[in-house]
There are 2 protein chains.
Amino acid sequence: MKKIILIYGASLAVLVFLLKYLEYQFFAKDLALEFYLAVIAILFTGLGIWAGFRLTRKKVVVVKMSADFVFNERELDRLGISKREHEVLEWMAKGLSNQEIADKLFVSLNTVKTHTSNLFLKLEVSRRTQAIQKAKELSLIP
Amino acid sequence: MKKIILIYGASLAVLVFLLKYLEYQFFAKDLALEFYLAVIAILFTGLGIWAGFRLTRKKVVVVKMSADFVFNERELDRLGISKREHEVLEWMAKGLSNQEIADKLFVSLNTVKTHTSNLFLKLEVSRRTQAIQKAKELSLIP
DNA sequence: AAAGCCTTCACCCGAAAGGATGATTTCAAG
DNA sequence: CTTGAAATCATCCTTTCGGGTGAAGGCTTT
C-alpha cells in the first residue's frame, strides 16, 4: 500500500520533470503547466482508485445464498484451502470426474489431480467421496 | 512490485514518446494544454482503477442450516432399488470404498461391485459421486 | 532480493472403481 | 412346481483415482 503510494508519487515527479524538460526544449512557455498536470494527475489517480474500489466492491457483492446454506469461510481458512481448490471441491461434489473438472476449468487433468491431492491432505481424507462428506459437514460446500 | 514499476515505466515511456511525436508532427506550438490534461487524466484514471483492483479483496457471508430428512420410499420403489443396494448406497455416501463396504456387510468385494453397478444403472449415473449426489436429491439418503 | 504460497503441468505407478457377462443359491409369488 | 427377483461371487478388462515427486511462473510479504 505504502509502496504503491510512493511509486505513484515518484511517477508523478518523474512525469512532471519530463514534461518540464520537453517544454524547455520545444516551447519555453510558462511554467504553470506542470502544476495543472500534477493536480490533474493526482485528482484522477484518486478518482481511478476510487473507481477501482467501486468496481471490485461490486464484484465482491456476489452474495449467493442458496436455500439454507451458509458458507463457512473460517473453516476454509483454517484448513488452508485455496480458492482454486475450493472450486475443484465444488465440482467434485457435483459428481464430476477429474477430467470433466479439468475441462470445466480449462486446465489440464494433471492440475486437477494436484488440486484434489492437496484437498485430500488438507481435509485429511483419502477418497473423493470422503472429501465431499467432510466438506459438507464443515459447510465448505452446500 | 517489479511489475508495477515496469508498467509505470512503460506507461511513462509511451506517453513521453507519444507527446514528443505528436508535437513534432502536428502542432509545432502549444495549445496542447488540454490535450496533455486529457492524456494525463485518462492515463492516471486507468492506473488508479488498476491499483484499486489489486488493492481490494475479501468478502463475507453467513447463514444457517436446517436438516430434516424424510425418506422417499416411493422413489426407491420406482427405481427398483433393492434393500441391499440401498444399504450399499448409504455406506457409499459415507465415503467408504467398495472393499470397506464389503467388510462392513460381510460379503465379498465382487458382490459390492455388483450392487454398485446395478445402482448406477438404476440411478442412471456412472460414478459413485454422482450416485450420492442424485440419491440425496431424491431423498433416498440423508 | 528472498522466502513462501498458489497455480499450473508432467510422469510414474499401484490401487480403486466401473463395465460386461455368467453362475449359483435362496426365497417369495404366480 | 416353476418363475423371477434378489443376493451372492467370479473373471476379464478398461478407466479413473490417488500418491509421490519435481518444476516453472506469478504474486505477496518480509
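Here is the naming used below: chain letters follow the sequence lines, and residue numbers restart at 1 for every chain.
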For [X] and [N], is the shortest distance between a side-chain N/O and OP1 or OP2 below 4.0 Å?
X: A:Asn98; N: D:dT16; result: no
X: B:Arg128; N: C:dG18; result: yes
X: B:Ser108; N: D:dA10; result: yes
X: B:Thr111; N: D:dC9; result: yes
X: B:His115; N: D:dT8; result: yes

Assign each of B:Phe106 and A:Leu109 the nucleotide of DNA chain D bearing its closest heavy atom; nearer the 5' end lies the nucleotide of B:Phe106
Assuming nearest nucleotide by heavy-atom distance, tell me which of A:Thr129 and B:Lys113 is located more 5' along DNA chain D.
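Upstream on the strand: B:Lys113.
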Atom-pair distance ([atom1] on [X]; [atom2] on [N]), nearest Å:
X: B:Asn118; N: C:dA17; atom1: CG; atom2: C1'; result: 15 Å
X: A:Lys122; N: C:dC5; atom1: NZ; atom2: P; result: 10 Å
X: B:Phe120; N: C:dA20; atom1: CZ; atom2: C1'; result: 15 Å
X: B:Leu105; N: D:dT8; atom1: CG; atom2: C1'; result: 12 Å
X: A:Glu100; N: C:dG18; atom1: CD; atom2: P; result: 13 Å
X: A:Leu76; N: C:dC5; atom1: CG; atom2: P; result: 17 Å
X: B:Arg127; N: D:dT14; atom1: CZ; atom2: C1'; result: 14 Å
X: B:Gln99; N: D:dC17; atom1: CD; atom2: C1'; result: 16 Å

Tell me whether B:Phe120 is reachable from B:Leu109 by hopping between hydrophobic residues (I, L, V, M, F, W, Y) whose side-chain heavy atoms are closer than 4.5 Å.
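No: no chain of side-chain contacts under 4.5 Å links B:Leu109 to B:Phe120.
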Is the closest basic N to carboxylate O distance between A:Glu75 and A:Lys134 below 4.0 Å?
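Judged by the 4.0 Å cut-off on N to carboxylate O distance, A:Glu75 and A:Lys134 do not form a salt bridge.
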Taking NZ, NE, NH1 and NH2 as the nitrogens, is one of them in B:Lys104 or B:Glu90 under 4.0 Å from a carboxylate oxygen of the other?
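Not counted as a salt bridge, because no side-chain N and carboxylate O are separated by less than 4.0 Å.
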More than 12 non-hydrogen atoms from neighbouring residues, nucleotides or ligands closer than 6.0 Å to CD on B:Glu137, yes or no?
yes
Does any N or O donor sit under 3.5 Å from an N or O acceptor when you compare the side chain of A:Ser97 with the base of D:dC17?
no
Evaluation steps, side-chain hydrogen bond (donor to acceptor under 3.5 Å, both in side chains), between A:Thr114 and A:Thr111:
CA-CA 5 Å; A:Thr114 300; A:Thr111 301; 5.9 Å; no
Over all strands shown, is A:Thr114 touching base, sugar-phosphate only, or nothing at heavy-atom distances under 4.0 angstrom?
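It contacts base atoms.
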Would you mind classifying the nucleic acid contact of A:Asn110 as base, sugar-phosphate or nothing, using non-hydrogen atoms under 4.0 angstrom?
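Result for A:Asn110 = base.
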Could you walk me through whether A:Phe71 and A:His86 satisfy the ring-ring contact (aromatic ring centres under 6.0 Å, His included) test, starting with their C-alpha distance in whole Å, then the side-chain angles of each, then the deciding distance to 0.1 Å, before giving a yes or no?
CA-CA 11 Å; A:Phe71 182 56; A:His86 183 253; 5.0 Å; yes
So B:Arg84 and B:Val107, side chain to side chain contact (heavy atoms under 4.5 Å, CB included) or not? Walk me through it.
CA-CA 11 Å; B:Arg84 205 57 161 169; B:Val107 297; 3.7 Å; yes
Please list residues of residues 77-96 of chain B whose heavy atoms come under 4.0 Å from any atom in DNA chain C, ordered by number; otherwise none.
none
So do A:Leu119 and A:Met92 actually touch side chain to side chain, heavy atoms under 4.5 Å?
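They are in side-chain contact.
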